[in-house]
Structure formats: structure tokens, C-alpha cells
Asker: 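Structure in C-alpha cells, see below.
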Amino acid sequence: MEQTEKKTSILVAPIMAATVAIMVVTLLTVIGELQPGWKDWLKGAFTHHWLGKGALALAAFLVSWVLLVPTNRLSDERRVETAWRWLFWTGVFATVALALLFMIEARRS
Amino acid sequence: MTSALTIYLVIHVLAGLAGTAGFYGAWFNLLRGAKNFRALRAESMTGLIMILVSWVTGAVYYVTYYGATVKPLIKAGPYPWAHAFLMEWKEHVFLFLPFLAAVVTIAIWRVSPGDQLPDGTRRWLGWLCGLIVFLGAAMALAGTGISGAVR
């Protein structure tokens, strides 16, 4: 039981890292639609804007995971559940936000 | 379209469906209390691998072919919103899936077979698997709409 709790605690870092990655994708996408120059920069740096968003999201995920590892020592099941909650609702809101963004962009074009 | 790109596209679709199916199995396994832990591990790992395969094969098709050849056809056709809304939404939300799938799978695989998932984690994993299934299904529908718009 103690080992299971300890192992569960370790999960906080990747859960929050995934949350950060989703936020990064959403932010990059919104900025890209509002500032075309940013999309061009991504294309120049990564040969395609979508590859750039994926690469930056992956980098954000890995860096966040590493930076958040020390927080695992403070974790208990309650904090893990909070991390899960953040991940789930970030995924939901980001999905809806992008749907709204592209609905507006589609009507405009 | 070359035969190689056709193969990539077919694998992208089939792997995406298989990945969604994997997490569908995991979802219902979790809802039933995660009693069949071996199956849960297999379902989540299969789902993750299939989603990653779908990600890579979709990326090849999208980056090398879709933008230059398919997108102009859709934008010039009677359903330009199929790209402006469906494809744009799909290609960006698709970037969420590997991270969601990876974290769910890591959590499941971190628990020893003899132990149990804490109740709170089990419930949230269920919600997240449900989200993955919903996004996978929505993307499959969007892909169908996009393909239809080309014709």
C-alpha cells in the first residue's frame, strides 16, 4: 500500500507536464492565427508550422517533467487528483477553445 | 497520390481507430473497477502505440502532400470550411492525444499488478480515457468530412 502511494506520487510531474504541453499547443495555435508572422517563423525554423508546434509541445512536456520532478516529494493522492483534474479540464477547454477559434476563422475567410 | 502516401494515409486512419478502440477498452475496464488489470495494461499500451503510429503516418501525409495538393482543392470547392474548420481543428487537437495517452498509460503501468489503483486516480483515468475516445471519434468524423470535401 505504501509502495503504491509512493509510486502514485511520482506521477504528478508527467501529469502536469502533459497539461503544460496542451497549453503550449493551444497558445501557439492562437498566436499563430492572430499573428501570421509567428506562423511563418515556425515554418522557417521547422519546415512546417505544425511540426514546429509539435516539437515545441514535446520540448515543453519534457522540460516541464524534469523541472516538476522535485514536487513529487510533496505529493499525496489529493495532489495527484488535483493534477488529473487540471489535465482533464485543460484538455476539454483547449479543445473547445480551438473549435471556437477555427469556427470564427472559417466564417471570416 | 503515390502508393506510399496512400499506405501512410490508410495506416493513419486504421491506427487512429485502433488507438481509440484501445482506450475505449481501458475506459470501460476502469469504469468496472479496473479488476482486469492485465487487460487494462494491454489496452492502454496498445492505444498509446497506435496513437503514436497514427501521429507519425498522419504527419508524413499532412506535411508532404495535404498542404500543397489537397488543401487548395478543398478551399476552391463548395466546402472550404472543411479545411478552415474541420482540418485546422483536427490537426491541432491531434497534438494533444499523444500526451494524454502517454500519461494515462504511464499511470496504469506504474502500478504493480498486485496493487490497486487508488479510487480517485481510477476515476480520473476513466474520465481521461473517455476524453481520448471522444477526441479520437471526433477526429475520425472530421477526417471523413475532409475526405468528402475533396470529392
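Note that this is a predicted model, so its numbers are computed, not measured. Just so we're on the same page: letters track the sequence lines, and every chain starts at 1.
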Asker: Sequence neighbours excluded, which residues qualify as salt bridge (charged side-chain N to carboxylate O under 4.0 Å, His left out) partners of A/D40?
Answerer: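 Expected list: none.
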Asker: Report, in residue-number order, which members of residues 40-73 of chain B are under 4.5 Å from chain A by heavy-atom distance.
Answerer: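 The list, in residue order, reads B/W55, B/A59, B/Y62, B/V63.
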Asker: Kindly give the heavy-atom pair with the smallest separation between B/L125 and A/W84, and that separation in Å.
Answerer: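 Heavy atoms of B/L125 and A/W84 come nearest at CD2-CH2, 3.6 Å.
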Asker: Looking only at heavy atoms, what is the nearest atom pair of B/F85 and A/M103, with distance?
Answerer: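 Shortest heavy-atom contact: CD1-N, 3.6 Å.
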Asker: Are B/F96 and A/L98 close enough that some pair of their side-chain heavy atoms sits under 4.5 Å apart?
Answerer: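 Yes, their side chains come closer than 4.5 Å.
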Asker: Given that the side chain runs from C-beta out, which part of B/F134 has a heavy atom under 4.5 Å from chain A: side chain, backbone, both or neither?
Answerer: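 Nothing of B/F134, per the 4.5 Å heavy-atom cut-off to chain A.
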Asker: With a cut-off of 6.0 Å (strictly less than), are more than 12 heavy atoms of other residues, nucleotides or ligands near OH of B/Y79?
Answerer: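 For B/Y79, atom OH is not crowded (no more than 12 foreign heavy atoms under 6.0 Å).
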Asker: Consider only side-chain N and O atoms of A/E77 and B/T121, and report whether a donor and an acceptor are under 3.5 Å apart.
Answerer: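 There is such a pair between these side chains.
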Asker: Find the one option among B/A138, B/P80, B/A107 whose heavy-atom pairs under 4.5 Å with chain A are most numerous.
Answerer: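 Sorted descending by pairs with chain A, the first entry is B/A107.
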Asker: Heavy atoms, side chains only, cut-off 4.5 Å: are A/T95 and B/W89 in contact?
Answerer: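 Counting from C-beta outward, A/T95 and B/W89 do come under 4.5 Å.
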Asker: Need one label for A/L51: side chain, backbone, both or neither, based on atoms under 4.5 Å from any heavy atom in chain B.
Answerer: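 Contact with chain B involves the side chain of A/L51 alone.
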Asker: Report which part of A/L28 has an atom under 4.5 Å of a heavy atom belonging to chain B: side chain, backbone, both, or neither.
Answerer: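 A/L28 has no heavy atom closer than 4.5 Å to chain B.
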Asker: How close do B/H92 and A/F102 get, counting heavy atoms only, and between which atoms?
Answerer: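 Looks like ND1-CZ, 3.5 Å.
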Asker: Count the heavy-atom pairs under 4.5 Å between each of A/K53, A/R108, A/H48, A/R107 and chain B, then report the option with the highest count.
Answerer: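 Option with the top pair count is A/H48.
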Asker: Compute the ring centroids of B/W127 and A/F88, then answer whether they are less than 6.0 Å apart.
Answerer: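 Between B/W127 and A/F88, the centre distance is under 6.0 Å.
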Asker: Any chance the rings of A/F61 and B/F99 have centres within less than 6.0 Å?
Answerer: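 So the answer is yes for these two rings.
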Asker: Do A/E105 and B/E88 come close enough that some side-chain heavy atom pair is under 4.5 Å?
Answerer: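 A/E105 does not reach B/E88 side chain to side chain.
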Asker: What is the distance from atom CG of B/L100 to atom CG of A/L87, rounded to the nearest 0.5 Å?
Answerer: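 Reported to 0.5 Å precision, the distance equals 5.5 Å.
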Asker: Under a 4.5 Å heavy-atom cut-off, does chain B meet the side chain of A/A94, its backbone, both or neither?
Answerer: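 Both backbone and side chain.
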Asker: In this structure, are over 12 heavy atoms from other groups packed under 6.0 Å from B/Y24 atom OH?
Answerer: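 Atom OH in B/Y24 is not packed in, count stays at 12 or less.
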